[in-house]
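These notes are about the structure you will find just below.
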Amino acid sequence: MMSIAARRGAISSCLQFTKPMVNASVLSRLVKDFVPPASATGIRLAHTDIKVPDFSDYRRPEVQDPNKSSQDSSEARKVFSYLVTGATTVVTVYAAKTVVSQFVSSMSASADVLALSKIEVKLSDIPEGKNMTFKWRGKPLFVRHRTEKEIATEEGVNLGELRDPEHDKDRVQNPKWVIVLGVCTHLGCVPIANAGDYGGYYCPCHGSHYDASGRIRKGPAPLNLEVPFYEFADEDTVIVG
Amino acid sequence: MALAKTVYSLLFRRTSTFAVTIMVGAVFFERVFDQGGDAVFEQLNRGKLWDHIKHKYEVKEE
């Protein structure tokens with residue numbers, strides 16, 4: 001629409017200069033009108049005082065010569081570029097890995113805390129039928145040397161009459177040794193060993209009775225005494241923690 | 001230049017192999033950098049570290 005109007009109308013000569021697609025006749029007229037005849041060797045639509053910048057300071061030496069093919073040196077230039085990129089990335093990956101691993105390891109327990117987390121118990125010090133208390137991670141730890149009679153009694157208990165049914169087999173590694181935390185599951189008192197109706201532990205605070213396997217039998221406590229992780233290092237030593 | 005050409009076409013040309021190269025390179029760089037750093041530290045502190053004076057205090061088991 002615009003071009004038709006421009007071609008027909010009175011303002012056509014003005015509009016034609018501003019149209020982006022300048023055809024040859026318009027161009028020649030423009031040249032005739034505005035360019036002085038003395039400099040009529042070429043048409044420079046840009047301002048002639050713009051200097052083309054010299055980038056040769058930034059160019060690699062291989063491509064300084066405009067008459068030489070750049071293909072011959074392309075391989076070497078790419079190797080250099082990628083080598084620099086790769087080396088930088090390698091160092092960055094190393095630095096990032098170091099930062100992350102240092103940060104993560106700063107959150108793990110320190111050596112003095114780890115040293116306290118395990119306790120070694122010499123079993124030959126505990127006579128049969130006796131219970132010994134140790135301090136482990138700030139809590140009392142019961143190690144009980146059971147008699148044959150106690151073992152037989154606990155293994156024969158009917159699971160149906162237990163509040164927190166757990167077989168004696170699942171609570172001990174070696175039936176001679178019962179290792180439990182000495183914290184009553186009711187309100188956290190320390191039970192008394194070899195007391196109570198079932199011959200195991202008795203909590204004096206509210207009267208919970210545990211049997212010789214540390215299982216709750218009577219009283220307000222809801223759960224059996226907790227069995228910590230332990231392993232027998234040899235016949236005479238057990239490591240708890 | 002032949003080596004550079006091989007390195008480029010085998011390792012750098014594809015993004016996948018370039019990434020693998022960087023990862024493997026980082027593993028080796030870590031070893032070299034860490035052990036080099038330790039070696040420099042021990043060189044600067046020669047005679048002061050436990051490892052250097054340990055033999056004076058260790059009782060030989062006969």
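The basis for the numbers below is simple: all heavy atoms, side chains too, and nothing from hydrogens, waters or symmetry mates. Predicted, not measured: the structure shown is a model, and the values here were computed from it.
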Counting neighbours of [atom1] on [X] that are heavy atoms of other residues, nucleotides or ligands and sit closer than 6.0 Å, is the number greater than 12?
X	atom1	result
A:Glu148	CD	no
A:Arg60	CZ	yes
A:Phe232	CZ	yes
A:Arg77	CZ	yes
A:Phe134	CZ	yes

With chain A as the partner, which of B:Val27, B:Val24, B:Ile22 has the greatest number of non-hydrogen pairs under 4.5 Å?
B:Ile22
In terms of ring plane angle, is the pair B:Tyr8 and A:Tyr82 parallel, tilted or perpendicular, where the classes change at 30° and 60°?
tilted
Heavy-atom pair of closest approach, residues A:Val93 and B:Ala26:
CG1-CB, 3.7 Å
Search all heavy atoms of B:Phe12 against all heavy atoms of A:Val79 and return the closest pair with its distance.
CE1-O, 4.2 Å
Out of curiosity, A:Lys97 NZ to B:Met23 CE, how far, rounded to the nearest 0.5 Å?
12.5 Å
Heavy-atom check, side chain of B:Phe18 versus side chain of A:Thr85, under 4.5 Å:
yes
